[in-house]
Amino acid sequence: KQVEAMKKVLESLNLNIVEMVDENATLDGGDVLFTGREFFVGLSRRTNQRGAEILADTFKDYAVSTVPVHDSLHLKSFCSMAGPNLIAIGSSEAAQKALKTMQQMSDHRYDKLTVPDDAAANCIYLNIPSKGHVLLHRAPEEYPESAKVFEKLKDHMLIPIANTELEKVDGSLTCCSVLINKTSEL
């Protein structure tokens, strides 16, 4: 049902839709981190190598690197983009190991923002023309130490979001959103 609902919305926006027809391929959005210049795909319980290959075939202009995900649901359980060149990353051993893999796979050097709590590293960065850098992050009452790290980002408009209830069913901030680069035609 989720796939069909998203397909309807994307069709209504006249966006190009690519469907994976390979029954052996799995690809969860929570395992796909697009940095603006390349993709990192977490290989997890929800995403396999074949899914990553189909993503690479679809986006031929971008490098696609796979990152093994252990001890977490998916890649974005402990990282996300917090700015144009900034990866928010959790402090756990699994998160740091994944970051090291991403750094080894990439020709680009990203800045990193390390937060104490893996779940808090899942944030949403928006570049809004009238507002500039906007970052939705987990609320201080949920992850106080991680919120203090985000508060150091002085050039970002920070919007804390409480997500305790959705987190109980493995819902992160990025799980609850689909970002579409709005053009004047939409």
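The cluster map of Ile, Leu, Val, Met, Phe, Trp and Tyr, joined by side-chain heavy atoms under 4.5 Å apart, puts V134 and M81 in different clusters. Grouping the Ile, Leu, Val, Met, Phe, Trp and Tyr side chains by contacts below 4.5 angstrom, directly or via other members, places V3 apart from V9. Under the 4.5 Å side-chain contact rule for hydrophobic residues, I128 and I159 share a cluster.
By the 4.5 Å heavy-atom criterion applied to side chains, T114 and V149 are not counted as neighbours. Put simply, the side chain of T47 does not reach to within 4.5 Å of the side chain of H74, judged on heavy atoms. Between M102 and L33, the closest side-chain pair of non-hydrogen atoms falls below 4.5 Å. Between Q103 and Y110, every side-chain heavy-atom pair lies at or beyond the 4.5 Å cut-off. Residues R46 and T26 are not in side-chain contact: their nearest non-hydrogen atoms beyond the backbone lie 4.5 Å or more apart. Under the 4.5 Å side-chain criterion, counting only non-hydrogen atoms from C-beta, D117 is not in contact with S91. Contact of the F150 side chain with the V115 side chain is registered, since non-hydrogen atoms from C-beta on lie closer than 4.5 Å. Looking at heavy atoms from C-beta onward, F78 lies in side-chain contact with V69 at the 4.5 angstrom threshold.
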Checking L43 against N48 for the side-chain contact (heavy atoms from CB on, under 4.5 Å) test, could you report, in this order, the C-alpha distance in whole Å, the side-chain angles of both residues, the deciding distance, and whether it holds?
CA-CA 5 Å; L43 298 180; N48 64 19; 5.6 Å; no

Check step by step if side-chain contact (heavy atoms from CB on, under 4.5 Å) holds for V67 and M105.
CA-CA 9 Å; V67 182; M105 299 272 201; 5.7 Å; no

Assess the residue pair H156 and Y125 against the criterion (side-chain contact (heavy atoms from CB on, under 4.5 Å)); give the C-alpha distance rounded to whole Å, side-chain angles, the decisive distance to 0.1 Å, and a yes or no.
CA-CA 9 Å; H156 285 57; Y125 168 75; 4.2 Å; yes

Begin from the C-alpha positions of D31 and K76 and carry the test salt bridge (Lys or Arg N to Asp or Glu O under 4.0 Å) through to its verdict.
CA-CA 6 Å; D31 281 315; K76 289 195 280 190; over 6 Å; no

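Going from atom CD of E93 over to atom NE2 of H70 covers 10.5 Å, rounded to the nearest 0.5 Å. To the nearest 0.5 Å, atom SG of residue C79 and atom CG of residue L99 are 8.0 Å apart. Once rounded to the nearest 0.5 Å, the distance linking CD of E53 with OG1 of T66 reads 9.0 Å.
Closest non-hydrogen pair, L173 versus C123, comes out as CD1-CA, 4.3 Å. Across all their heavy atoms, P160 and L158 have their closest contact at CD-O, 3.7 Å. Closest non-hydrogen pair, I17 versus K7, comes out as CD1-O, 3.8 Å. When all heavy atoms are compared, the tightest approach of E38 to S106 is OE2-OG, 2.6 Å. What you find for A95 and G90 is that their closest heavy atoms are CB-O, 3.4 Å.
Around CD of E11, the count of heavy atoms belonging to other residues, nucleotides or ligands within 6.0 Å exceeds 12. Within a 6.0 Å radius of CG in D107, no more than 12 heavy atoms belonging to other residues, nucleotides or ligands are found. Within a 6.0 Å sphere centred on CD of Q104, heavy atoms belonging to other residues, nucleotides or ligands number more than 12.
In this structure a side-chain-to-backbone donor-acceptor pair under 3.5 Å is missing from K8 to A5. Looking at T35, its side chain does come within 3.5 Å of a backbone N or O of R37 through a donor-acceptor pair.
For residues 133-152, every residue pair satisfying the salt bridge (Lys or Arg N to Asp or Glu O under 4.0 Å) rule, not counting sequence neighbours, is listed here: R138-E142, R138-E167, E145-K148.
A donor and an acceptor atom, one from each side chain of N122 and S80, are nowhere located under 3.5 Å apart.
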Quick one: side chains of residues 82-89, donor-acceptor pairs under 3.5 Å with protein atoms, not counting sequence neighbours, listed by atom name and distance.
{"unit_1": "N85", "atom_1": "OD1", "unit_2": "H108", "atom_2": "NE2", "d": "2.4"}

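Grouped with F34 in one hydrophobic cluster are M20, L27, V32, F39, V41, I54, L55, F59, Y62, V64, the linkage being side-chain heavy-atom contacts under 4.5 Å among Ile, Leu, Val, Met, Phe, Trp and Tyr residues.
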